[in-house]
Each structure stands twice: as C-alpha cells, then as structure tokens.
Amino acid sequence: MKFHTITLNINGNNRVVTVRSADTLLYALRGKLGLTGSKPGCLNGDCGACTVNLDGWPMKSCLMLAVEAIGKKVTTIEGLQNAPIQQAFVENFAFQCGYCTPGFIMNCHSLIEQHPDADDEKIKEWLESNICRCTGYAEIERAVKSVLKKNRVP
Amino acid sequence: MEVIGKSVIRKEALEKVTGRAKYTNDYHSVSMLSGHKVISPFGHAKIVDIDTEEAWKVPGVHAILAGNHYPLTGEAIRDRPVIAVDKVRYHGEVVALVVADSPEQAKTAGDLIKVQYELLPVVNSPTQAFQKDAPLVHERLGEYKKEEDSHPVPDTNIATHIKIRKGNMEKGWSESDTVVEATFSFAPSDHAAMETRCATAEIMPDGNIIIMTSSQAPFMVKRLISDYFGEDLGKIIVHTPFVGGAYGGKAPVQLEILAYLASKEVGGKPVKIFNTREEDIITSPCHIGLDATVKLGADRNGKIRAAEIQHLWDGGAYSDKAIDVTRSGAVDCTGPYNIENVWCDSYCMYTNHPYASPFRGFSHSELSFVIERTMDLLAQKLNMDPLELRYINAIRPGNTTPTRVRLNKSNLGNLPKCIEKVREIFNWDEGPVKEINERFIRVKGVSCSWKTSTIDTNAPSGAIITFNKDGSLNLMTGVIEIGTGTKTVLAQILAERLKMDVDKIHVRMEVDTQTMPEHFKTVASRGTFMAGRAVLNAADDVINQLKEVAACALRAPKEDLEVADSRVFLRDDPAIGLHFKEVGYGYTYPNGNAIGGQIIGRGKYILRHLTHLDPETGAGKPGPEWSVAAYGVEVEFDRRDYTYRVVKACTVVDIGKVLNEKAALGQVMGAMSMGIAFASRETFYFDELGRVLNPQLRTYRPLRYGENPEYLVGFVETPQLDSPYGARGVGEFGLMGMPGALGNALSVAAGVSLNHLPLIPELIWKAKEGET
Ligand code: FES
Ligand code: FES
C-alpha cells in the first residue's frame, strides 16, 4: 500500500495529511481532518451530499482522490462563514434533517458566484445533481432565488 | 397566542447550515474499529460453506463473525438470525461480519471470504407466497417465540392474519346496486434517507454497553438488546445525535445488534457499523410492497354499502415490523369513508425480498392507493363526480371505524371541509380534463386519506425542564430530531404555556436513554401530541414550583401569582414580582438565607383507552385519533409516448392547529414529493433469483430539484381536544394521498385503469397495449 504525505489548501489553510493513493478527498476531509460537514450519501456521485468548492467550482468530493486536490483551493461547508445563502436557507426553512444541506449550500454558493444571473434553467441544471429527500425543493428554490435577487439589486 | 402558529426558526438551524450538526457517522475515534458486512448475493439459498481462512490473513483483522447461532431476533416474531445461518432468505442479508482496524482492511478481508451457496426456489411476490404449494421461507414458523398480537400460520408463509368483521356483508351486498372490484399490486421500495444507517457500540469494563445509532427508537434499542441477549436494561445506554432523515426506516433495530455483537467479540472495543448506500437499500429494512383486492358496493345514490378487502403485504424475509404495518393497514382499510359492512383479511406474507419496516404513513399510503383507485372506478360506473362521491361518503362524527370505534368531533378531523377546500384551491370545478393539443392533455385526479396511529397501548413520553441562573430554561425530551422540527415545536409549546420568549428556551438535541425520559419512538407523527402533553405537564410543574418559592419570597398567597415574560408577579399589581433569574435557582434573601433551589420540572404522558384488537372481528381501539386529508394531482400527459409531468399537487389536511407554519408547510410539501416519487418511479426491480437490480441512487431515483410540481397546501383546523393546542399529526399526510390521486389522473388521461405502481410510462403503455 502506498502512502503520500501531501499538503492541501483547505479553507484558506495549508494542511499536511498522509493519505493512501486510493483515498478520496471526502475520506481525507472527514477521516484525516475531522471536517465532517461534507457527508457521505452514496460515495459514487449520485447524491451531492459530499459537495465542496474547488477553485470556485462545485465538486463531489467522493469522486475525487485526495492527491488530485494538491495545488487547488478547497472550500468546505466549514469554510463558509456568514455566506448569504446560509442565512437564506435558515429563513426559508430550506432544510429539515440537514443531511443534504452542506452539499446543497456548497453547490448553491458556487452557482451564485459563477452565475449571478442564473435563470430557472441554469438553477435546475446545477441543483439537480443533489438530492434532498426531506423537503420538496420549493424552499431551496426560494432560498437560492432570494440571494440571486438581492445580489442583482445595485 | 404568542408563539404557537409562528414560523419560529428551528433551534438547530445554525448548526445545520454550517456543517457543524453531527450525525452518528461523524463521531469517530482513533481507537474505533470498523465492521464490514458480507452480504448474500441471492434471494434464497442454502449456505453450504463459509471459508474465512484467507480473510484472516489480512493485517488489521480482529474478528470474523459467521455461522454462529446467536439468539433469534425480531419484534413481533423472533424469526431473524442476526447473521444468517444455514440459509439466506433475501438478497442483501448479512452472512458474515469482519471487524478490522480500518474500513479498507475490513472490506479487503470481507472480499476474501468464500461462501458456497446452493440455490433454493424463490418466493418472489406475496401472491406467490400465498399459493398452497409455495416454497416455505420459514420451515419452523411454528417454533418461533412471538408476541401475543402476532398470528402466524405454521407450514405456510403467513406471518400474521388480521381480520376485520363489521356489520353484515349479505345485507351490504343486497343494498348495493353497483359493485366494482379490482386488484392492485406494487413491489417493495426504499426510504432512501440521505443519511445511511450507522451504529457504534462499545462495552465498558463495568459491563455498560454504550451504543450510538441513527435511530428513531433508541429506547427500543435498549429494550430489545436487553430482551434478546439478557443484558441489564440499565447498563445499556443509547445515544442518538441528529438523524439524517428516517421516514420510518430507522425505527427497526438492526445495525445496533451487529455493533453490539462485534464489540463483544473484540473484548468491548468500540466498533462502527456503517451502511453503504447499496446496503442501506437492500440489507436494511425497506418500504413494504402490497398485492390487494378491493370490492366496493354502492346504492343508487352513491352511498357505499359494503367493502370487502384483501391485503397480501410483502413483509419480506422477516416479519419484524411488517406485522404491525399489516395490522395498521387493516384497521383503516376502508379509507376515510363511512361503511357499515366491512370484511377485510390482511395478511403479512413472508417472501424472499428484503424485509419491511414502517414507511411514512405506516401502511396508509399503500391502503389509500388501492381504495382511492377503486373509488374512482366506482365513480365512473355510477357516472358521478369523483370528488362528490367522496364527499357524500366522507366519514363524519357519529360514524364508526372498521374496528368499531365511535368517532366524534375531537377524535376525527373534518374531511368534508378538506374536500371543499381542495375543490376551491385546486380549482376542481373548472373540470378535470383540459385538452392542450393533439398530443398533450392535462388531467386532474383526486383522493382522500385518513390515519390513526396504531402504536403500543401503553406508549409513554416524558419531559424535563431545568433552569439556568440567568433565568433561561433547558428542555429535554426523548424525541429524536429526525428533521421534522418537533424539538422546536416543543419549545414553542413550552414558551406558550409559560408565556415567555421562545429564545430563552434551550433545547437539548441529542438524546440518550440514560439521562432523558423515555419517549416511545419518534414515529407515527406522535411526537408533538405525546411529548407535547408531557411538556405541558412539566410546564405546569414548573409554574407550581415558581409560585411556591415566589409566594414565600413575596409574602403573598400562591393563588394571587401569575407567570409571564420570565417573571412571577402579583396578578393585581404586576410591578411586584420576581424575575426567573431570582427564583429559578431558588430565592436568596438579602441576609443570605436561601430557599427553593434549582427548579426542575418534570412531566409525563401515557396514551389512554387503547386496546388490543379482537383476533376474530378486529374490534378494538387501535389509536387515539383519526386525522384526515384530501388531495389533488394534475398531470400533463403526452399521448404519443405515455410520458407525463406532474404539474400541480394539492394537499389539504386537517392539522387541528398549526403550531409552526413554515415547518408544517415544509413537512407537507416534503411528504408530497416523496409520495409522488413512490407513485411515479420508485420500486425495487427483482430478477428471478430475488435479486434487487437497482440498489443505487442512479437506478433508484428520488425526485430531484426541478422535477417537483407546484405545491398547493391548505390547512383545516379542527382541534383534537386532548392534544396540545388542538394539534393533530401532519408529517405523513402529504404523502398518503399522492399515489391515489396520481393514479386517478393518469387513468383518465390514458383512458385505461392503472392499478400498479410505480406509474412509469412503460407501465401505462403496457396497460394500454394489453387493452387493445
Ligand atoms: S457521496 Fe458524493 S455524491 Fe453522494
Ligand atoms: S433536509 Fe433531509 S435530505 Fe435534505
């Protein structure tokens, strides 16, 4: 078995971790760094619960090896502080059990940053990669749109 | 009302949007070992040999559990080996468990275990299981230990048989001018909670067994492990942090037992058992399937005179909770209609499918589908408006249920009012069919449902309130935060009773069975009712204690005192009084003397007047009250390829009293989404060996963002007099009527009776083709 000691940039800090070649980024975040906000829901890319932000784009951390994240800026839910989308989720009751929430928020946050003018089509294209089994999505839709709208007002 | 009804922000909101909320699998220590399950690749097979030699050679392996005869488990009938011995009865059943330092090592070793099987004939549906010559899933059914309420029939696949006999069938049929009969079926499916199940166990040197689990029923875990393995009840301590969705699927006890046995095997070291998504879908209990026949008779005015119903529930390989689901399906078998003559046989069948657990609605989405489709067939035959047929037959105070409970304004919600409201907000009177063009047609379908919660007749709940020195309060109950927001609602109930600011109430989210009062289980929408009553009881205790201390300190009779705004004061002169800060921890006189001490309020509740059912007639009182709801679904159907889109979905539920508006709306819409998915696409696909072919979220697909319809939700408020502020259960209702309403809309759209789920285009096409 091969181990690598690597430096990852997580939430603005350089962190040194030792991982196996086969360890996913999700595994390293949770198991080696104690960042358990990113959740395992399927471990093969179907649910989005493990979504993090990689150089500004959403990435399912179960679909990526830890060693592939070298040299990239990784932001996890723990690195998001007072982002408008977090407040919007609270106010709109956009979560129930909360398990899908970190992944959804990271995806929504990336969407808002990358496409401040996202229309319904664009929002759907992005958010359909995550599953929420508790809500009926109406509240999540309201939360995302409330932030997009606020950003649009000059 | 100050706090009740308000959309108070959930107490755990910030934890959940920052990733700090912890679920069972988020707790891990360096010393914790990992379990890996080796599961059966077949539905029914003899275990000829298990060879673990190679597996033992993998570094880091501490134990391999296989082939041992542990005590049998199972809630209603002790029919389930924790780890299969002699034979496997379903695809996904645990055959061996490896315990190793890391999950990778455990899996590597698990993959090296060689199991030799010899295939056995598979029982692939409850109807097949019911045949006289069907292969037996349990050869020794007659020898198992069982609960008094379970009625297995030895040498068959019948795990239980519930009979409902009400009125006089001969009379009923003779009064019926119009009779319809139809058969229905759907296969098992899954809850697909986003958090897969997980449990850890550790046995301490003093014998204390510390378990952490993603469960709706930690108190049941404690009780069952004690029952099954003879452990002291008080030594079993079960912790449950946040649970990532449950919907009934986390009420059974399964992984906890594996974790406990694994820890025992390695000298008490902590062991974690975590389900992969695939295991969560097939190894752990699933959503029950059903084959049913319904026959309804009505007179020429459309009044239903007789109902004859047969349920063959697909309980799967082990009966566990399926027996309760079967009973629950029988007691409300008619749906929310007043029918004097009822005959129902509800059978829980063993099959070689994953075994069943409760699913949101506890048999009521299933029974509603078969009844509501038959109601539409009846309306068609009578040439009546389907909503009108439901209205004139709607159950009302003074009527009796199939188990002969007399209903009144308190123990029954107002169905006619729900129907009226659906008529209005779903715009029913514009007509159910709208032609768009040659290809597309828009069609509306309706349905109704009701439900009582058949839970243990002596199910308890409790609450403890303690004071902090700053006058704020801590609230502790055994209700699990599975996502329903019940813990926040309980804080609202407390704030309302004490007339105080809800922000000054701190809610303990994690539950542990050692320091918190028992709450039966967080199931059946009973959290608010039962724990709410316990909280009110505790609040009264607090008020009494506050007044006692204040009476002494203020030198005024208790009766003259009032509690509000975190103060105890004189009713006639509110300026004279004390803040909670000054009495919550006892009162200290200027000279240093003190009285009282920390106020600790305690409250409890136990359900009353529930009875077992008569085994021959079903007569008895199975639950405290019946909530009701009416529904509509509008589809846009493509006549060219039988695809469709759910455009609108409507639910009007009698909620008794809205306690937290946004939370209630969220519960209803979320349940509707789940109901539409169950009705339109979710099912297990089995092959002839009983294998589930789609145990992944890309082949088993819940609704995704953008696939949801527009939601129309309405509330009716008919108070249940013995419930906190009149509230009724709500969490399951959005789901229960969706399959029926969708089936009804699509049957009209496609012009063919659709009696199976899920309603995928291929099924509609086949029904249509089969017709011509
Ligand atoms: S865990 Fe990564 S997508 Fe599901
Ligand atoms: S809040 Fe439970 S899965 Fe989304």
Side-chain angles (χ1 to χ4, degrees), chain A residues 1 20 22-23 27 30-31 34-47 49 76-81 83 85-87 89-106 120 123-141, chain B residues 7 9-10 12-23 25-28 104 191-196 242-247 274 276-278 481-485 649 662-663 665-674 676 696-698 701-711 734:
Chain A
M1 204 178 298
R20 296 181 313 144
D23 284 343
Y27 188 86
R30 292 177 55 84
L35 296 170
T36 54
S38 310
K39 302 294 183 207
C42 67
L43 301 181
N44 66 357
D46 292 338
C47 76
T76 69
I77 185 73
E78 288 91 346
L80 216 59
Q81 259 146 37
I85 189 66
Q86 289 172 299
Q87 193 50 33
F89 260 61
V90 171
E91 281 162 11
N92 289 286
F93 282 61
F95 62 85
Q96 289 177 25
C97 79
Y99 199 81
C100 72
T101 312
F104 250 110
I105 287 184
M106 293 316 290
D120 281 2
I123 299 175
K124 177 166 186 273
E125 186 190 325
W126 277 57
L127 298 192
E128 68 187 2
S129 69
N130 294 49
I131 299 175
C132 175
R133 187 63 156 169
C134 293
T135 76
Y137 298 108
E139 300 95 330
I140 295 177
E141 179 178 356
Chain B
S7 297
I9 298 285
R10 298 168 65 125
E12 80 283 20
L14 280 180
E15 277 172 88
K16 283 186 175 171
V17 298
T18 54
R20 301 291 280 276
K22 283 199 168 195
Y23 302 78
N25 189 35
D26 296 336
Y27 292 86
H28 202 87
E104 309 83 74
H191 309 78
M194 283 301 101
E195 178 205 25
T196 60
F242 287 117
V243 171
Y247 326 111
F274 170 71
T276 62
R277 175 56 62 187
E278 291 76 3
E481 186 43 81
I482 52 176
T484 51
K662 282 193 185 169
L665 284 170
Q667 282 295 299
V668 175
M669 292 190 290
M672 287 163 82
S673 161
M674 198 175 234
I676 290 167
Q696 289 194 324
L697 294 176
R698 68 184 59 177
R701 295 188 68 251
L703 238 51
R704 284 176 185 264
Y705 183 97
E707 294 176 329
N708 55 296
E710 179 190 338
Y711 300 104

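Given the structure is predicted, the values throughout are model-derived calculations rather than measurements. Proteins get letters first, then strands, A, B, ... in listed order; numbering begins at 1 in each.
Residue A:Leu35 does not touch chain B at all, counting heavy-atom pairs closer than 4.5 Å. Looking at A:Ser38, neither its backbone nor its side chain comes within 4.5 Å of chain B, counting heavy atoms on both sides. A:Ile105 touches chain B through its side chain: at least one heavy atom from C-beta onward sits under 4.5 Å away, while N, CA, C and O do not. Using a 4.5 Å cut-off between heavy atoms, A:Asn130 touches chain B through its backbone atoms (N, CA, C, O) alone. Contacts of B:Thr18 with chain A are made by both backbone and side-chain atoms, with heavy-atom separations under 4.5 Å. For B:Glu104, the part lying under 4.5 angstrom from a heavy atom of chain A is the side chain only. With a threshold of 4.5 angstrom between heavy atoms, B:Tyr27 does not approach chain A through any atom at all. Contacts between A:Phe93 and chain B at a heavy-atom distance below 4.5 Å involve the side chain alone, from C-beta outward.
Of all heavy-atom pairs between B:Asn708 and A:Ala138, the closest is ND2-N, 4.4 Å. In this structure, A:Ile140 and B:Tyr705 approach most closely via the heavy-atom pair CG2-CE1, 4.4 Å. Minimum heavy-atom separation, A:Val90 to B:Ala13: CG1-CB, 3.9 Å. Between A:Pro102 and B:Gly19, the shortest heavy-atom distance links the atoms CG-CA, 4.3 Å. Of all heavy-atom pairs between B:Asn25 and A:Arg30, the closest is O-NH2, 3.2 Å. Heavy-atom minimum distance, B:Val17 versus A:Gln86: O-NE2, 2.8 Å.
Remark: side-chain polar atoms of A:Tyr99 are not paired, donor with acceptor, to backbone N or O of B:Tyr23 under 3.5 angstrom.
Put simply, SG on A:Cys100 and NZ on B:Lys16 are 10.0 Å apart, with the number rounded to the nearest 0.5 Å. A distance of 11.5 Å separates SG of A:Cys132 from CZ of B:Arg704, quoted to the nearest 0.5 Å.
Within the 4.5 Å cutoff, no side-chain heavy atoms of B:Leu665 are placed close to those of A:Glu139. Side-chain contact between A:Asp46 and B:Arg277 is absent, with no heavy-atom pair separated by less than 4.5 Å.
Heavy-atom pairs under 4.5 Å with chain A were tallied for B:Phe274, B:Tyr711, B:Phe242; the largest tally goes to B:Tyr711. Counting heavy-atom pairs under 4.5 Å between each of B:Val668, B:Asp26, B:Leu697 and chain A puts B:Asp26 at the top. Ranked by heavy-atom pairs under 4.5 Å with chain B, the first of A:Glu78, A:Arg20, A:Gln81 is A:Arg20. For the set B:Pro709, B:Ala663, B:Ala649, B:Gly734, the entry with the most heavy-atom pairs within less than 4.5 Å of chain A is B:Ala663. Most heavy-atom pairs under 4.5 Å with chain A: of the set B:Gly245, B:Ala21, B:Ala192, B:Ser673, this distinction falls to B:Ala192. By number of non-hydrogen pairs under 4.5 angstrom with chain A, the leading residue of B:Gln667, B:Met194, B:Glu15, B:Met669 is B:Met194. By number of non-hydrogen pairs under 4.5 angstrom with chain A, the leading residue of B:Gly706, B:Ser7, B:Gly485, B:Gly666 is B:Gly666.
Applying the salt bridge (Lys or Arg N to Asp or Glu O under 4.0 Å) criterion to B:Arg701, with sequence neighbours excluded, gives B:Glu707.
For residues 126-137 of chain A, the salt bridge (charged side-chain N to carboxylate O under 4.0 Å, His left out) pairs, not counting sequence neighbours, are A:Lys124-A:Glu128, A:Arg133-B:Glu682.
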